[in-house]
Amino acid sequence: MKLIFERSVRGRGCSVLPECEVPVWDFQEYGREKELRLPEVSENDISRHYTELAKRTHGVNDGFYPLGSCTMKYNPKINERTAALNGFTGVHPLQPEHTVQGCLEVLKTAEQVFCEITGMDRMTFQPAAGAHGEFTGLLLIKAYHDSRNDEKRTKIIVPDSAHGTNPASAVMAGYAVVNIPSDPDGCVNLQKLREAVGEDTAGLMLTNPNTVGLFDKNILEITRIVHDAGGLVYYDGANLNAIMGVTRPGDMGFDVIHLNLHKTFSTPHGGGGPGSGPVGCKDFLSRFLPSVQVEGDGPYTFTRQPDSIGMVKAFYGNFLVVVKALTYALMLGKDGLLEASQNAVLNANYLMEKLADKYKMPYHRTCMHEFVMSLEQEHEQIGVSAMDIAKALLDYGIHPPTMYFPLIVAEALMVEPTETESKENLDEIIRAFEEIYEQARTNPEVVKAAPHVTPVGRLDEVQAARKPHLKYSYDE
Amino acid sequence: MKLIFERSVRGRGCSVLPECEVPVWDFQEYGREKELRLPEVSENDISRHYTELAKRTHGVNDGFYPLGSCTMKYNPKINERTAALNGFTGVHPLQPEHTVQGCLEVLKTAEQVFCEITGMDRMTFQPAAGAHGEFTGLLLIKAYHDSRNDEKRTKIIVPDSAHGTNPASAVMAGYAVVNIPSDPDGCVNLQKLREAVGEDTAGLMLTNPNTVGLFDKNILEITRIVHDAGGLVYYDGANLNAIMGVTRPGDMGFDVIHLNLHKTFSTPHGGGGPGSGPVGCKDFLSRFLPSVQVEGDGPYTFTRQPDSIGMVKAFYGNFLVVVKALTYALMLGKDGLLEASQNAVLNANYLMEKLADKYKMPYHRTCMHEFVMSLEQEHEQIGVSAMDIAKALLDYGIHPPTMYFPLIVAEALMVEPTETESKENLDEIIRAFEEIYEQARTNPEVVKAAPHVTPVGRLDEVQAARKPHLKYSYDE
Amino acid sequence: MGRYVTNTKEEQLEMLHAIGYDSFDELYRDVPEQMQIHGDLKIPAGMSELEVLQKLEGMAAKNTVFPHVFRGAGAYHHYIPAIVNSVTEKEDFVTAYTPYQAEISQGNLQSIFEYQTMICELTGMDASNASVYDGATAAAEGVLMCLDRKRTGILVSAAVNPQVLETIQTYCYGRNIEVQIIPEKDGATDTRALKEMLDAQTACVYIQQPNYYGILEEVEEIGSLVHEGNAKYVVGCNPISLAVLKTPGEYHADVAVGEGQPLGMPMGFGGPYLGFMAAKQDMLRKLPGRIVGQTVDTQGKRGFVLTLQAREQHIRREKASSNICSNEALCAMKASVYMAAMGPEGMRRAAVNSASMAHYLAEKLQEAGCAAKYSRPFFHEFVTGCPVDTGVLLTRLEEEGILGGLPLSGRELLWCATELNTKGEIDRLAGIVKEVCSR
Amino acid sequence: MGRYVTNTKEEQLEMLHAIGYDSFDELYRDVPEQMQIHGDLKIPAGMSELEVLQKLEGMAAKNTVFPHVFRGAGAYHHYIPAIVNSVTEKEDFVTAYTPYQAEISQGNLQSIFEYQTMICELTGMDASNASVYDGATAAAEGVLMCLDRKRTGILVSAAVNPQVLETIQTYCYGRNIEVQIIPEKDGATDTRALKEMLDAQTACVYIQQPNYYGILEEVEEIGSLVHEGNAKYVVGCNPISLAVLKTPGEYHADVAVGEGQPLGMPMGFGGPYLGFMAAKQDMLRKLPGRIVGQTVDTQGKRGFVLTLQAREQHIRREKASSNICSNEALCAMKASVYMAAMGPEGMRRAAVNSASMAHYLAEKLQEAGCAAKYSRPFFHEFVTGCPVDTGVLLTRLEEEGILGGLPLSGRELLWCATELNTKGEIDRLAGIVKEVCSR
């Protein structure tokens with residue numbers, strides 16, 4: 001299809017703004033030299049262009065989306081409605097406090113609800129995404145050690161099964177990363193952990209359930225080991241969807257956490273954002289929280305923490321995303337959140353069990369909200385890779401699972417059905433997976449050439465990276 | 001795909017309303033006996049179901065939609081926004097007048113604008129669609145003759161090229177229909193008209209431009225003939241899009257008109273409605289207008305006309321549709337409306353000329369906003385019908401023109417590109433038409449079997465009518 | 001000026017020249033000079049989107065949107081689930097025309113088929129059309145369906161919504177028929193009078209359930225009388241009430257019609273709304289408007305088409321069952337999504353909560369000094385007296401953001417409650433009423 | 001309770017049994033007993049959609065939405081064309097994840113490619129990423145891009161937005177770097193001081209154009225100084241202003257960043273907004289975040305993919321250029337649709353009207369008693385003094401529905417105007433200011 005620039009015709013346009021009604025200010029020597037080349041298109045052009053783009057975009061509304069660790073659950077429409085209320089969208093972030101009491105109430109209520117769910121004492125909503133939350137949380141740890149003049153703590157321990165953001169965030173916070181190998185089941189090897197911790201340990205970053213979908217039973221022991229060594233423990237909230245109302249990071253011994261509101265709390269992911277990655281912490285860390293906290297019980301006030309690490313972005317975070325997440329949490333409540341987690345775990349186990357006949361499950365035991373399968377054997381025997389299976393799913397209108405993650409499993413597909421899929425959808429999906437498996441066995445070339453019915457076939461990523469073509473060339 | 005009933009699972013549902021907070025009233029013997037069987041589905045089920053339905057629905061946003069006489073122009077998004085303002089949607093129609101001054105201002109402003117465009121003196125917005133407007137307009141004519149005790153006027157003259165609604169509306173208004181044959185060019189045969197009029201003539205219904213897309217030059221003579229015979233002349237506004245700012249029905253001698261706001265004034269058609277069919281009339285008919293008229297210049301009041309025909313529906317018409325149409329008319333203004341008409345006529349002529357090489361144009365002269373082609377020759381020679389060409393267009397993502405209308409042209413396709421299509425779109429469409437024509441000549445069977453890439457093929461309409469299956473059978 | 005024409009001025013000239021014209025004027029050479037507009041239309045020049053939005057926002061701001069609504073009388077303040085507009089705002093649904101080309105309109109057609117099914121379930125009838133303009137025109141069309149050569153008498157209860165009655169009368173004026181009014185007694189249709197009015201010319205009887213005063217009519221008794229007279233029984237019903245009340249099908253109505261606005265449409269100063277119509281099997285081919293039927297394609301695959309078109313104006317012209325062409329398709333889709341989102345349990349709650357709130361309201365109003373006028377069972381509307389001038393009371397309520405009951409003739413008010421009203425709101429209302437009435 | 005789980009309780013049991021479990025508890029047997037929650041979480045039970053909407057509406061109603069906004073300082077009140085939300089509300093766009101599977105994400109990927117192109121056009125730079133969180137984090141990431149082993153000094157003008165400065169400082173705290181502040185003089189960066197501060201350790205200089213006080217910096221002179229010192233030149237810019245002002249590319253910035261909120265996002269109490277980032281070719285591989293590139297599929301057909309992923313955390317982990325994963329994709333799409341709807345002419349009007357209104361405002365405020373503090377050229381913001389306590393003036397304006405300028409330290413206010421302000425509004429404002437100031 002055309003690029004919007006290829007639809008542009010000089011002189012075409014929409015009629016958005018009037019001419020200026022006061023004398024026009026002259027930019028003189030500050031004026032730009034080169035003409036601004038933006039699309040010149042009618043509103044009809046725009047409507048059709050984006051209609052075509054939408055048809056080439058797979059959303060949760062288009063079908064199953066079991067992208068492991070991304071929690072692609074259904075995004076309720078009431079969230080969009082509350083976040084679109086003019087009383088929220090029309091508010092300038094620098095209005096006087098007494099004119100934004102509703103916004104402060106949203107933040108305060110959300111803090112209370114999410115702290116209770118996670119077992120934390122305070123929470124900041126400033127971080128705009130999970131990785132941003134990790135960075136923020138690690139700065140809290142850093143500020144804590146600094147405040148104690150404990151300057152030798154320069155390392156963050158990260159299991160090799162962790163999300164890539166964990167080590168990257170640690171580096172951004174100025175830490176050296178110590179990777180420790182996981183046990184075969186993706187759980188922390190206590191022995192390795194004991195060997196790794198020491199006087200230089202600033203902290204440990206961990207998800208639980210872990211990235212292969214298992215709950216690490218040793219979690220209390222793990223957090224104790226780190227604490228005993230003088231380090232703090234950070235909880236990566238990417239997998240919280242498995243355990244709401246069942247157990248809490250705070251009760252597992254974690255000191256700092258982040259949540260992905262765009263995963264666990266149903267705010268839509270928008271093709272890559274905006275997300276929201278609030279950071280919760282235990283009381284002893286709260287004085288380092290970034291920016292401002294809401295205090296009081298109506299009227300509410302913004303108060304800066306005494307030893308704040310400073311702002312991690314402008315204003316108070318992705319506020320309208322927080323509105324959506326709060327809407328969701330209030331809809332479900334204590335009973336609904338528990339059921340959501342239970343059903344997420346049920347769906348994952350159901351799918352895993354039904355697929356286990358054909359697909360190799362490296363950790364074939366009760367999983368949490370997601371599980372990992374390995375195509376290692378098929379890859380060796382018939383040359384069909386995890387990627388091939390993923391691409392074959394596209395032809396069924398199914399978004400593939402996360403591929404090649406976690407890194408500790410060869411030819412991994414990480415499957416997270418979420419709680420909002422129904423049994424009959426899962427049964428249909430199982431049939432699709434089975435058919436693909438059969439085809440991979442009987443006619444592997446077809447699978448290796450998949451997808452066959454998508455708008456484009458497999459794309460040349462090597463060329464894209466070698467000769468970066470990152471914008472429309474007007475001269476083309 | 002599944003019906004929504006086939007997705008239903010007992011006990012499933014959405015969480016819309018709370019339990020009752022006051023004592024529950026008991027319906028006792030008034031209670032329904034049979035259980036209410038509605039779909040029991042989750043919100044995710046609904047979202048995916050309608051996503052699938054939307055993919056199987058062709059709108060203006062999906063591509064070219066040259067459905068003759070339907071004026072499928074682009075529907076501006078600002079219309080949707082103004083009509084969704086809470087100050088309009090949240091108003092009860094029976095609120096006291098002083099609390100609905102904004103709504104009255106909308107109606108009054110719309111009346112002024114549309115009267116000026118059409119050359120009428122007053123207008124009612126009560127009719128909900130074009131046909132409803134025809135009915136209303138004919139009742140005005142009836143009331144007029146009744147008021148003069150002119151009881152012998154029992155007939156409405158309708159050319160055989162007219163829209164089917166014209167004769168049907170005449171019957172609903174209690175008239176006998178006199179069909180008069182058109183000239184070969186779809187224009188009124190003056191001689192036949194002179195023969196048809198008489199003491200029993202209540203009126204004549206006419207579109208101009210007519211349904212083959214030509215402007216009837218004799219229009220002043222036509223309206224004079226009817227007036228001289230004591231009848232009134234009704235203007236079917238379906239084709240107004242050709243002449244805004246160029247000429248006005250009121251200046252052609254018409255006494256009553258209706259507009260299709262969902263055609264000429266860009267309000268979306270919603271897959272079949274809601275439309276809006278306001279009726280305008282000359283002063284001498286205004287005392288018969290239905291329901292209430294807005295009077296005054298702020299504060300506004302609703303005033304019932306002295307000899308009103310009565311309400312033709314509840315309240316004041318499809319008010320929110322009127323808001324959209326007014327938004328559009330104000331956006332375009334006197335200059336923009338004229339250009340819209342001019343460009344609609346230009347696009348039609350351009351398309352006609354470019355297609356005339358291959359397709360037979362029964363009226364090959366300057367057309368207005370639409371034109372008719374005839375596949376009669378091809379049908380006879382190679383068995384390819386207007387319907388076949390239409391169905392072949394579906395495979396190009398193009399909505400076919402209106403088929404088999406007007407009735408006076410054999411194997412007719414009536415093409416109305418509207419003003420919002422661009423030259424390059426038209427050029428692409430011309431290529432599609434040409435390709436289909438070539439294929440019809442070289443490989444007619446392929447065209448006769450079209451469409452080939454739509455979700456379903458041609459459907460058995462005979463079976464549908466013979467064995468009506470009009471709702472889901474729960475027992476299936 | 002605002003502009004949605006895509007072609008630029010240059011493209012327009014290029015196109016004109018390509019087909020042998022020099023100017024737009026030449027395209028209009030068929031329009032006689034003497035009727036061409038010279039100069040501009042006397043309306044404002046075009047504006048930008050921002051200006052128009054501000055203008056319309058200015059108009060909208062001149063209306064009062066009452067936060068507390070206790071008025072119905074044909075337009076009802078119900079909750080609209082968020083999913084409803086989310087679905088029906090999809091551009092394909094909004095911008096499509098009537099589904100004449102079935103192969104690329106299966107979405108639209110299937111949704112109408114589903115709507116028809118839901119309306120049949122709600123009413124207990126055999127067949128539904130794809131909608132008509134609103135409840136009043138549905139009533140009028142429902143009545144006209146029953147006319148035949150021998151039977152041209154139309155009886156309408158005095159206890160129906162007056163706008164519906166007037167619309168029926170207007171439609172009947174078209175057919176040169178005078179509507180006969182069945183008197184009411186104690187707020188309901190006078191069955192004794194009805195019995196006397198029925199005769200061999202009676203084509204049909206139209207009543208409303210619950211009626212204009214909110215009262216539950218003796219629909220079975222009336223039905224028996226009508227059918228004894230071999231006339232058709234046409235009933236106008238509130239769709240929310242049908243979640244719990246006996247259906248027209250159960251009390252043997254021949255045609256059931258109603259205003260579908262409560263099923264997901266905003267009050268919107270009266271429209272667009274939705275007229276629903278359903279009939280018994282033997283009346284099927286007399287239904288006006290679009291009807292969608294299930295069929296198969298060339299491969300035997302299930303599909304949907306507009307069917308029974310031999311009833312319609314575009315085929316039959318002056319012999320059509322009605323002139324209707326455009327209906328309220330997108331509103332019908334709203335109703336479908338509404339009913340799917342509500343499900344049987346949600347619909348039941350809407351009905352039960354509305355009726356229960358109304359009964360609580362009636363009780364509180366009684367205590368406050370506005371006693372109910374009738375003692376019959378009612379659904380979610382009822383009439384009370386008012387010890388003071390109704391204008392005084394309503395103005396006082398208005399100051400508090402409350403839209404009180406609709407003033408009827410004399411010192412009477414027609415109240416309504418729905419699931420959107422709360423106990424707290426009603427208690428507050430009652431307090432104000434008491435204060436005003438005891439002055 | 002509210003419920004989005006699709007399975008019914010019966011289905012849940014059926015599924016449990018099908019895979020050999022008796023209860024949900026068994027699924028959680030790996031969770032040690034001592035850390036399981038016994039009883040309920042201490043949060044309210046679930047609610048219906050209606051109740052939650054009412055609750056959130058109640059909160060929203062506690063905010064003041066000012067009809068007249070004269071405050072900017074990082075969040076701007078611009079007009080958002082209707083087409084913007086109409087497009088970006090499409091469910092596919094809203095609910096998709098990051099486009100990891102290119103074959104079914106071409107729509108999303110192409111739209112990012114188009115966004116990148118528009119940002120490059122706006123800034124005059126060579127390459128743009130797919131967005132970061134907001135303008136402040138864009139500035140911080142932009143500064144961090146310039147660090148290398150030898151050069152770790154970061155200079156930031158005192159005349160930048162203080163929140164941006166603080167965010168840069170926080171990010172630098174992570175890297176154990178202390179930010180050096182270039183002092184301001186007469187409301188702009190002190191170039192003489194800058195010259196003295198630049199040294200062989202200086203990695204980059206960050207300034208803002210127009211700066212926090214709305215003033216147009218001497219960007220070319222500063223650029224020359226920075227490049228003479230072989231440091232990188234990072235500029236934070238207002239995207240609307242770039243429609244008319246000299247671009248960072250034209251004055252040889254190495255990295256251009258900014259807050260994209262004015263391009264179609266509501267003020268929304270501060271977020272979600274959009275951080276845009278663009279760089280010269282030689283800095284391309286240091287850009288953080290997603291980047292989309294054009295390529296071909298197996299048939300040679302044009303297609304788009306996430307590219308240069310070797311920079312990113314999911315590939316490089318601790319060696320990544322940044323930890324960013326989720327960005328602000330839907331906001332970037334809003335910006336794209338905004339710029340497509342505005343086109344060059346619309347963007348020009350937004351810029352010209354805003355600046356012209358601001359200059360008119362400055363003039364009127366001067367007449368009313370609030371004289372401009374600086375005499376330098378400015379865009380659409382400026383600082384004035386205030387002869388009375390700013391709180392007194394702002395409170396009075398608030399009563400009239402006006403959000404006045406942001407109070408700075410002392411008796412100073414930072415004002416802003418955009419194309420949404422009107423002459424009439426400004427005249428009214430000036431009248432009130434005059435009245436207050438002359439008391």
Side-chain angles (χ1 to χ4, degrees), chain A residues 13 17 20 22 25 36 39 50 53-54 56-61 82 85 87 89-91 93 99 101-103 128-129 131 164 167-169 173 177 215 251 268 270-275 310-311 314-315 318-319 331 333-336 342-343 350 353 422 454 456-457 459-460 464 469 471-472, chain D residues 1-2 5-6 19 24 30 40-41 45-46 56 59-60 62-65 87 90-92 94-96 98 103-104 106-108 117 133 136 163 166 170 174 266 269-272 293-295 297-298 303 307 313-314 317-318 320 323 325-330 340 343-344 349 353 356 359-360:
Chain A
L17 299 180
C20 193
V22 294
W25 185 67
L36 177 60
Y50 283 95
L53 291 179
R56 292 166 167 240
T57 304
H58 181 94
V60 173
N61 60 314
T82 55
L85 288 168
T89 60
V91 176
T99 68
Q101 286 294 304
C103 291
S169 298
V177 174
F215 192 91
D251 300 340
M311 305 186 102
F315 308 122
N318 283 346
F319 175 76
M331 279 288 301
K334 56 189 176 188
D335 37 357
Q342 288 174 332
N343 203 68
Y350 182 82
E353 285 306 326
S422 65
T454 47
V456 295
L459 290 155
D460 188 341
H469 183 163
K471 61 178 182 179
Y472 173 66
Chain D
M1 73 182 174
V5 163
T6 297
I19 53 172
F24 279 122
D30 279 350
D40 288 342
L41 289 170
L56 271 294
M59 293 186 196
K62 291 177 191 163
N63 295 323
T64 305
V65 176
V87 162
K90 285 180 186 286
E91 216 173 345
D92 320 86
V94 171
T95 69
T98 303
E103 296 88 345
I104 55 167
Q106 283 299 298
N108 190 325
T117 306
Y133 311 131
Q163 300 209 3
E166 190 177 325
T170 307
F269 200 55
Q294 179 176 319
T295 184
D297 77 354
T298 44
T307 193
Q313 47 76 23
H314 63 289
R317 302 176 74 85
E318 61 266 32
N323 72 340
C325 181
S326 285
N327 51 42
E328 307 286 297
L330 201 65
R349 286 194 186 190
N353 293 13
S356 304
H359 284 77
Y360 183 76

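We name chains A, B, ... by the order of the sequence lines, and we start the count at 1 in each one.
Chosen from D:A340, D:C325, D:G303, D:A320, the residue pairing most often with chain A at heavy-atom distances under 4.5 Å is D:A340. In terms of heavy-atom pairs under 4.5 Å with chain D, the best-connected choice from A:G272, A:G333, A:G87 is A:G272. For chain D, the option among A:T89, A:L17, A:T82, A:N61 with the highest count of heavy-atom pairs below 4.5 Å is A:N61. Per-residue counts of heavy-atom pairs under 4.5 Å with chain A were compared for D:P344, D:G2, D:A45, D:P272; the largest is that of D:P272. For the set D:K62, D:K90, D:E166, the entry with the most heavy-atom pairs within less than 4.5 Å of chain A is D:E166. By number of non-hydrogen pairs under 4.5 angstrom with chain D, the leading residue of A:G13, A:G336, A:P39 is A:P39. Contact count versus chain D (heavy atoms, under 4.5 Å) is highest, among A:C20, A:P274, A:A129, for A:P274. Put simply, of A:L459, A:D251, A:T454, A:L36, the one with the most heavy-atom pairs under 4.5 Å next to chain D is A:L459. Between chain D and the options A:G59, A:G273, A:A173, heavy-atom pairs under 4.5 Å are most frequent for A:G273.
Only the side chain of D:V87 comes within contact range of chain A, with at least one heavy atom under 4.5 Å from a heavy atom of that chain. Interface remark: A:L85 contributes side-chain atoms only to the contact with chain D (heavy atom separation under 4.5 Å). The contact between A:V177 and chain D is made entirely by side chain atoms (from C-beta outward), counting heavy-atom distances below 4.5 Å. The part of D:T307 that comes within reach of chain A is its side chain, from C-beta onward, which places non-hydrogen atoms under 4.5 angstrom from that chain. Heavy atoms of D:Y360 lying under 4.5 Å from chain A belong exclusively to its side chain.
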Let me see the working for D:L330 and D:V94 under side-chain contact (heavy atoms from CB on, under 4.5 Å), right down to the final yes or no. CA-CA 7 Å; D:L330 201 65; D:V94 171; 4.2 Å; yes

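Using modelled atom types, no side-chain atom of A:H58 and backbone atom of A:V60 make a donor-acceptor pair closer than 3.5 Å. In this structure, D:N63 contributes its side chain and A:C103 its backbone to a donor-acceptor pair below 3.5 Å. A donor-acceptor pair is defined here as one N or O able to donate and one able to accept, closer than 3.5 Å; no such pair exists between the side chain of D:S326 and the backbone of A:G275.
Residues forming a salt bridge (charged side-chain N to carboxylate O under 4.0 Å, His left out) with D:E103 (at least two apart in sequence, or on another chain): A:K391.
Side chain to side chain, D:D92 and A:T57 fail the donor-acceptor criterion of an N or O pair below 3.5 Å. A donor atom on one side chain and an acceptor atom on the other are not found under 3.5 Å apart for D:T295 and A:D460.
When side chains are defined from C-beta on, A:N318 counts as touching D:E328, because their heavy atoms get closer than 4.5 Å.
Here the closest non-hydrogen pair linking A:A168 and D:R317 is CB-O, 3.5 Å.
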